[in-house]
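Here's the structure we're looking at; comments come further down.
No hydrogens, no waters, no symmetry mates; every other heavy atom, side chains included, goes into these values. This chain uses plain numbering: 1 for the first residue, then up along the sequence.
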Amino acid sequence: MSRESDLLFGLLALRMNFVSPEQFFGVAGPWIVGYPRSLPELLHERGFLRGTERKALESIVEAQMQVNGHEAIRLAGAGLDQEVRDRLLAMNPDADITALLRTTRPPASSPVVIATHPSGVRYKLGAEVGRGGLGRIVEAEDSALERTVAVKIVLEGLPARMSERFAREARLTARLEHPNIVPVYDFGALKGPDGVERVFMSMKKVRGRDLGQILVGLAKADAELVRVWSRTRLLMVFQSICLGVAYAHDRGVIHRDLKPANVMIGDYGETLIVDWGLARELGKREPAEDAGAPGAAAPSSRDNISHDDEIVGTPAFMAPEQAEGKKAGLDPRMDVYSLGAILYQILSLHPPFAGDTPQEIVNLVVSGHLVPPSVRAAVAPAAERGASAKVPPELDAICMKAMARLAADRYLSAMELH
């Protein structure tokens with residue numbers, strides 16, 4: 001079957017309730033980015049489709065393609081929910097599949113009814129799910145659109161100038177409209193229980209876990225994670241990260257704090273780069289960094305650093321020139337280095353550098369003495385490494401080039417690394 005026929009097969013299986021949305025998306029993720037097995041094969045091998053159902057659908061697909069040709073895709077997708085279509089598009093399909101998906105249309109909707117809320121309270125705040133140097137993130141219910149979102153609120157007690165840093169993060173992130181970058185929905189001020197208004201932004205709530213948690217679990221040989229997260233699947237996620245970063249660079253924005261913990265992996269295959277608090281615009285003068293900068297470390301953190309008004313970020317994943325506090329040379333290849341460091345941990349299940357203090361790690365980064373991921377993986381305990389511990393020389397070389405000590409020796413762009 002062709003890729004077009006595969007897509008038609010999957011859409012029909014979903015429409016005819018032969019498979020559930022969870023089953024469909026469970027195999028659509030690998031297939032849509034170029035996995036060599038066909039979608040019918042994947043659904044059948046996973047036990048989601050019986051042989052008789054598969055044969056019936058294949059007959060329907062063949063007939064539809066003969067009678068309707070390319071129009072068959074539009075007809076099959078006519079009754080799909082918008083959410084299904086958007087999830088597929090968010091998985092970064094190739095150009096042909098993207099074009100096919102864009103020919104589908106959601107079912108006609110009923111007239112829009114806008115609900116008013118006399119109380120003026122749009123967001124019902126829930127439990128805190130994360131916290132950084134500038135803001136805390138809570139789960140919230142958006143009463144206007146009746147959906148769950150993540151709301152980031154500036155921390156209490158910070159200087160007034162921090163609100164402008166927070167606003168800059170909101171503006172930069174909102175401009176980066178890409179399937180692999182967390183979308184910003186709203187920005188403004190919320191009145192807290194103490195009556196004080198604090199700056200906030202609402203974003204997509206990703207149900208899943210961050211890449212850092214996955215890699216730590218794999219390093220501990222968590223059986224379920226080992227079963228689900230093969231190296232091939234992790235590399236697909238890494239390619240998605242590269243695409244999101246490449247898009248940001250094309251828009252003149254550098255992230256400056258790329259690391260596994262800042263990549264969210266959704267339950268339905270979404271890969272989203274989050275926390276753009278340290279992002280900078282190329283060619284634009286920015287205020288000096290300080291200990292209260294977005295993403296800067298809390299005093300007790302061993303992972304992040306912020307001192308001398310120059311060095312901010314996560315030492316184990318920052319480029320040497322960033323670790324040295326060089327401001328003049330803001331360059332997209334700083335992010336290329338960080339992408340290489342993420343790849344390093346994917347391959348070896350350990351960060352490229354480790355130490356007892358942030359400053360100790362900074363010194364190691366600046367020195368440029370990097371053990372190849374193949375060597376790091378080979379000396380890990382056998383139980384931790386698992387069967388796929390050996391790093392192919394091609395991946396070893398790609399990682400080391402991305403993490404070259406000098407920016408000129410790295411890949412020119414995130415897209416080239418992809």
- 4.5 Å side-chain heavy-atom contact, V199 and F187: yes
- Task: Look at the side chain of H255 and the backbone N and O of D275, then say whether any donor-acceptor pair between them is shorter than 3.5 Å.
- Result: yes
- Message: I'd like to know if E321 and R410 make a salt bridge, using a cut-off of under 4.0 Å between side-chain N and carboxylate O.
- Response: yes
- Query: Would you find more than 12 non-hydrogen atoms of other residues, nucleotides or ligands less than 6.0 Å from R147 atom CZ?
  - Reply: yes
- With side chains defined as the heavy atoms from C-beta onward, is the minimum distance between V182 and I273 less than 4.5 Å? no
- Message: Looking at R405 and E324, is any side-chain nitrogen of the basic one under 4.0 Å from a carboxylate oxygen of the acidic one?
- Response: yes
- Message: Under a 3.5 Å threshold, yes or no: a donor from one side chain and an acceptor from the other, between E41 and S38?
- Response: yes
- Message: Testing the basics here: between L364 and A354, what is the closest heavy-atom pair and its distance to 0.1 Å?
- Response: CD1-O, 3.4 Å
- Less than 4.5 Å apart, any side-chain heavy atom of V263 and any of V274? no
- Could you give me the CA-CA distance, side-chain angles and deciding distance for F200 and Y123, then say whether ring-ring contact (aromatic ring centres under 6.0 Å, His included) is met? CA-CA 11 Å; F200 84 98; Y123 299 99; 5.4 Å; yes
- Charged N-O contact under 4.0 Å between R122 and D186: yes
- Query: Would you say E224 and D222 make side-chain contact, with heavy atoms under 4.5 Å?
  - Reply: yes
- Item | Pair T148, E139: side-chain N/O donor-acceptor within cut-off below 3.5 Å | no
- Task: Report the C-alpha distance between L272 and I181 in whole Å, list the side-chain angles of each, state the deciding distance to 0.1 Å, and finish with yes or no for side chain to side chain contact (heavy atoms under 4.5 Å, CB included).
- Result: CA-CA 5 Å; L272 293 168; I181 296 175; 5.8 Å; no
- Note on the structure: Rounded to the nearest 0.5 angstrom, the OH-CG distance for Y337 and L406 is 11.5 Å
- Query: Between H44 and L49, is there a donor-acceptor pair closer than 3.5 Å when you use the side chain of the first and the backbone of the second?
  - Reply: yes
- For residues A170 and V184, report the shortest heavy-atom separation together with the two atoms involved. O-CG2, 4.3 Å
- Item | Side-chain touch R207/Y268, heavy atoms, less than 4.5 angstrom | no
- Short question: side chain of E416, backbone of L412 - any donor-acceptor pair under 3.5 Å? yes
- Item | Distance-minimising heavy-atom pair for L349 and I346 | CD2-O, 3.9 Å
- Note on the structure: CG of L343 to CD1 of I241, rounded to nearest 0.5 Å, is 9.5 Å
- Item | Least distance between heavy atoms, L339 atom then A414 atom | CD1-CB, 3.8 Å
- Do F317 and F353 have ring centroids that are under 6.0 Å from one another? no
- Query: How far apart are the C-alpha atoms of M400 and L370, what are their side-chain angles, what is the distance that settles it, and do they pass the side chain to side chain contact (heavy atoms under 4.5 Å, CB included) test?
  - Reply: CA-CA 8 Å; M400 295 300 286; L370 178 65; 3.8 Å; yes
- Message: Has Q213 got a side-chain atom pairing as donor or acceptor with R209's backbone, closer than 3.5 angstrom?
- Response: no
- Between K259 and N262, is any pair of side-chain heavy atoms under 4.5 Å apart? yes
- Query: Measuring from D6:CG to L39:CG, what's the distance to the nearest 0.5 Å?
  - Reply: 5.5 Å
- Note on the structure: When rounded to the nearest 0.5 Å, the distance separating CZ of R198 from CG of L190 is 10.0 Å
- Check whether any side-chain heavy atom of K401 lies under 4.5 Å from a side-chain heavy atom of Y411, and answer yes or no. yes
- Item | Distance in Å, S348 OG paired with L395 CG, rounded so as to fall on 0.5 Å steps | 12.0 Å
- Only one of V245, V253, L417 passes side chain to side chain contact (heavy atoms under 4.5 Å, CB included) with D335; say which it is. V245
- Message: Run the side chain to side chain contact (heavy atoms under 4.5 Å, CB included) test on L282 and D331 for me, step by step, so that the C-alpha distance in whole Å, both residues' side-chain angles and the decisive distance to 0.1 Å come before the verdict.
- Response: CA-CA 8 Å; L282 288 169; D331 190 308; over 6 Å; no
- Is there a donor-acceptor pair under 3.5 Å between the side chain of D210 and the backbone N or O of M264? no
- Query: Is there a donor-acceptor pair under 3.5 Å between the side chain of N180 and the backbone N or O of L243?
  - Reply: no
- Would R54 and E58 pass as an ion pair if we require N to O under 4.0 Å? yes
- Is it true that R175 and E281 make a salt bridge, defined as a side-chain N closer than 4.0 Å to a carboxylate O? yes
- Derivation of the side chain to side chain contact (heavy atoms under 4.5 Å, CB included) call for R256 and R280: CA-CA 8 Å; R256 299 204 311 157; R280 289 292 179 270; 3.5 Å; yes
- Query: Hey, what do you get for CZ (F238) to CD1 (I398), rounding to the nearest 0.5 Å?
  - Reply: 8.5 Å
- Message: Check whether Y185 forms a cation-pi arrangement with K204 (NZ or CZ under 6.0 Å from the six-membered ring centre, at most 45° off the ring normal).
- Response: no
- Message: Quick check: do T232 and M236 have side-chain heavy atoms less than 4.5 Å from each other?
- Response: yes
- Query: Do you know which two heavy atoms are closest between V366 and A323, and how far apart they sit?
  - Reply: CG2-CB, 3.8 Å
